[in-house]
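A short worksheet on the structure shown next.
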Amino acid sequence: MSTYSDDNQLSPIDDSSSFWEIGQFRKTIKRMDDGYRLSTELTVLISERAEIEKKYAKMLKHWSKKWNDLIDKGPEYGTIKSAWKAALTEADSVCEVHMQMENKLMNEVHSNIKMWQKENYHKKMMNGFKEVNEAEEGFRKAQKQWAKLYRKLQETKKHFHSCCKQEKGALLQEQTANGDSALSPDAVKKIQDKVAKCQLEVEKTKEKYEHSLEELTAHNPRYMEDMSMQFEKTQDFEKKRLDFFKTTLTDFHRVLDLSNNPDFSQLYRNYIQTIQNADGEKDLMWWKNNYGTGMAMNWPVFEDWSEELHAISKKSVKGTLGGSGGDNVAISSYRSTSEYSNHDYNDPTFSSLVERQTSQDGQDGAMEDGDDLDEGEEVNVRVRACYNYEHVEDDELDLTEGEIFTMIREKDVNGWCVGIKNGVRGLYPADYAVPAD
């Protein structure tokens, strides 16, 4: 059994005061007043939990966006990349779930408490609540007559006890006087008269005390009936609060309990399915066909030299085969033989290393070496290199990714620009640089 529902929570309280005593109904009145304070504290509890849900959702969203960008820019690929991103999809879905929780807590549970307060506690213009004041006035009215009789009883009791005390003192004096031969008969007579008078007062006050007690006892049933009726009204009022709080806390649990949320359960089934769908063999085949031995290649063949062929080759994008120290050859076409393609994993760095042949056979007006460095309208634009490029011809510039230099001739029909770097003028592929600003 939960400690929060243990019967010890309802064990008797060690308090010597009784509800039936004068003014002890104030504890019951305070309970009514506390009901409003408790409902206010419950709204604070719920609003704070809603704020936690909202902050958690925002943190998940921020985390998901951050890692989505990092994964997209990173080297991971294929189905295992999808498995990475499944964690982010889970975070986005959980974020949405917790935002819905925050919305339900505030718009359903929290607002219901506010409405209940408004319906059950009506504030007075000066201070307090109408319901509390009416209950207190009802108790005072039910207790008024009994309290009057009770105070009368206490007065007669006090007077009776005082007379009894005086009688006892007079008897002691009489006993002492009877054994004292020095006292005159008149003095002894006075003490005896005093004893008789005290005994008479005791009888009179005793009668009044007993009469007051009879009156109070006779009024007890009426007093208990009136007080019980008023107490039951407060019990009914408190029962409404307890029932409402139970319903509210049940609603609170319903919102927080994700185990019964079918969408939440489906979320993790989808998550593990995506991870299980990761296939290393497919990823390796995709890489082979896009960046490895499965790629198409126009292998170099013997070509006779001609001015026209030289001009066409020069205006084609050059690529270096075989790493550093390899022979430079012109790549005139590129064809993918991929058996496994995934557009989500295209890498612009790799695709930029190989360009298509842009010049056409038999192009009129082919330029001699160096002619294109001085032709066209001159511009002056600062650009940034996007990729590394190693010159093939002497009139070309070497580029390092990220460096800034100046473009002085815009892109020609063959895809080449003219730039100046460190005082050296030369050609470079137009797609290898972008404006620096």
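Quick caveat, the model's predicted, so the values are computed rather than measured.
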Do Leu258 and Met101 make a side-chain contact, defined as non-hydrogen atoms from C-beta onward lying under 4.5 Å apart?
yes

More than 12 heavy atoms of other groups within 6.0 Å of Trp84 CH2:
no

Between Gln273 and Asn277, is any side-chain donor less than 3.5 angstrom from a side-chain acceptor?
yes

Ring-plane angle category for Phe129 and Tyr36, please: parallel below 30°, perpendicular beyond 60°, tilted otherwise.
tilted

First locate atom CG of Leu45, then atom OG1 of Thr40, and finally report the distance between them rounded to the nearest 0.5 Å.
12.5 Å

Are any non-hydrogen side-chain atoms of Asp251 and Glu108 less than 4.5 angstrom apart?
no

Ion pair Asp226/Arg222, N-O distance below 4.0 Å:
yes

Would you name the heavy atoms of Gln143 and Gly23 that are closest together and state the gap between them?
OE1-N, 3.1 Å

Close side-chain approach of Ile404 to Val383, heavy-atom, < 4.5 Å
no

Roughly how far, to the nearest 0.5 Å, is the CG atom of Asn270 from the CD1 atom of Ile272?
11.0 Å

How far apart are the C-alpha atoms of Glu102 and Arg49, what are their side-chain angles, what is the distance that settles it, and do they pass the side-chain contact (heavy atoms from CB on, under 4.5 Å) test?
CA-CA 8 Å; Glu102 186 269 341; Arg49 178 57 186 265; over 6 Å; no

Charged N to carboxylate O under 4.0 angstrom, Lys65 versus Asp69?
yes

Looking at CD1 of Ile80 and NZ of Lys282, how far apart are the two atoms once the value is rounded to the nearest 0.5 Å?
13.5 Å

Can you confirm whether more than 12 heavy atoms, excluding those of Lys421, are under 6.0 Å from its NZ atom?
yes

Stepwise, does the side-chain contact (heavy atoms from CB on, under 4.5 Å) test hold for His391 with Leu397?
CA-CA 6 Å; His391 75 274; Leu397 295 175; over 6 Å; no

Is the Lys NZ or Arg CZ of Arg241 less than 6.0 Å from the centre of Phe245's six-membered ring, within 45° of the axis?
yes

Going by heavy atoms in the side chains, are Val379 and Arg409 under 4.5 Å from each other?
no

Would you say the side chains of Arg269 and Gln266 form a donor-acceptor pair under 3.5 Å?
yes

Minimum side-chain heavy-atom gap Lys208-Phe160 below 4.5 Å:
no

In plain terms, say whether Glu136 and Arg140 are close enough for a salt bridge, that is, a side-chain N and a carboxylate O under 4.0 Å apart.
yes

Show your reasoning for whether side-chain contact (heavy atoms from CB on, under 4.5 Å) applies to Glu401 and Tyr389.
CA-CA 8 Å; Glu401 182 180 353; Tyr389 179 72; over 6 Å; no

Quick one: do Lys104 and Glu53 make a salt bridge, cutoff under 4.0 Å?
no

For the pair Val418 and Met407, evaluate side-chain contact (heavy atoms from CB on, under 4.5 Å) and give the outcome as yes or no after the intermediate values.
CA-CA 6 Å; Val418 179; Met407 178 181 71; over 6 Å; no

Is it true that Lys239 and Asp236 make a salt bridge, defined as a side-chain N closer than 4.0 Å to a carboxylate O?
no

Beyond-backbone contact of Asn68 with Ile71, side-chain heavy atoms, under 4.5 angstrom:
no

Side-chain heavy atoms of Thr205 within contact of Tyr209, under 4.5 Å
no

Over 12 non-hydrogen atoms of neighbours within 6.0 angstrom of CG in Asn127:
no

Would you call the rings of Tyr223 and Trp146 parallel, tilted or perpendicular, taking 30° and 60° as the class edges?
parallel

Are there over 12 heavy-atom neighbours, none belonging to His161, within less than 6.0 Å of that residue's NE2?
yes

Nearest heavy-atom pair of Cys95 and Leu60: which atoms, and what distance?
N-CD1, 3.9 Å

Any side-chain heavy-atom pair from Glu51 and Lys54 closer than 4.5 angstrom?
yes

Donor-acceptor pair between Ser17 and Lys27 side chains, under 3.5 angstrom
yes

Salt bridge flag under 4.0 Å for residues Arg425 and Asp395:
no

Do you know which of Glu134, Gln117, Glu131 makes side chain to side chain donor-acceptor pair (under 3.5 Å) with His122?
Glu131

Ring center gap for Phe231 and Phe19 short of 6.0 angstrom
yes

For Tyr271 and Tyr268, take the angle between the two ring planes, folded into 0 to 90°, and tell me which bin it lands in: parallel under 30, tilted 30 to 60, perpendicular over 60.
tilted

Kindly check if the number of other-residue, nucleotide or ligand heavy atoms within 6.0 Å of CD (Glu281) is above 12?
no

So how far is it from Ile113 CD1 to Leu42 CG, rounded to the nearest 0.5 Å?
3.5 Å

For a quick check under 3.5 Å, do Thr79 and Asp279 share a side-chain donor-acceptor pair by atom type?
no

Is the gap between the ring centers of Tyr428 and Phe405 under 6.0 Å?
yes

Any sub-3.5 Å donor-acceptor pair from Ser47's side-chain atoms to Val44's backbone N or O?
yes

Is the CD atom of Gln145 crowded by more than 12 outside heavy atoms at less than 6.0 Å?
yes

Provide the closest heavy-atom pair for Ala142 versus Met227 in the form atom of the first, atom of the second, distance.
CB-SD, 3.8 Å

CD of Glu90 to OG1 of Thr274, rounded to nearest 0.5 Å, is 11.5 Å

Are any of the side-chain nitrogens in Arg384 or Glu403 under 4.0 Å away from the carboxylate oxygens of its partner?
no

